[in-house]
Amino acid sequence: MSTRYTKADLEQIVYKQLDNLNAMHDLLKIMKVQNDLIQSINQTLREEIGQFKEQQVMYPTRRKSKS
């Protein structure tokens, strides 16, 4: 059983595929922007953690005496 498509059917399929490709392109663009934002926030967080570690004061602890 072979299905026969008319030219109009094939054009409709091709345009639907084109719409799907454009939608995927838009989603990929959004994901790229989100990824860039996440990387920027991670870099800021790394810098803030580094500054916090520099400000930390290490207090001496008591050593346990051996009995």
Who pairs with [X] by side chain to side chain contact (heavy atoms under 4.5 Å, CB included), at least two apart in sequence or on another chain?
| X | answer |
| --- | --- |
| Asn20 | Lys16 |
| Gln55 | none |
| Gln51 | none |

Could you pull out all residues at least two apart from Asp19 that satisfy salt bridge (charged side-chain N to carboxylate O under 4.0 Å, His left out)?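 If we apply the salt bridge (charged side-chain N to carboxylate O under 4.0 Å, His left out) test to Asp19, skipping adjacent residues, there are no hits.
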What side chain to side chain donor-acceptor pair (under 3.5 Å) pairs are there with at least one residue in residues 4-13, not counting sequence neighbours?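 Found Thr6-Asp9.
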Roughly how far, to the nearest 0.5 Å, is the [atom2] atom of [Y] from the [atom1] atom of [X]?
| X | Y | atom1 | atom2 | value |
| --- | --- | --- | --- | --- |
| Asp26 | Met31 | CG | CE | 13.0 Å |
| Gln34 | Lys29 | CD | NZ | 13.5 Å |
| Leu28 | Leu21 | CG | CG | 10.5 Å |
| Gln39 | Leu37 | CD | CG | 10.0 Å |
| Thr44 | Ile49 | OG1 | CD1 | 11.0 Å |
| Asn35 | Asn42 | CG | CG | 9.5 Å |

Which residue pairs pass the salt bridge (charged side-chain N to carboxylate O under 4.0 Å, His left out) test with at least one member in residues 45-54, sequence neighbours excluded?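 Residue pairs passing salt bridge (charged side-chain N to carboxylate O under 4.0 Å, His left out), neighbours aside: none found.
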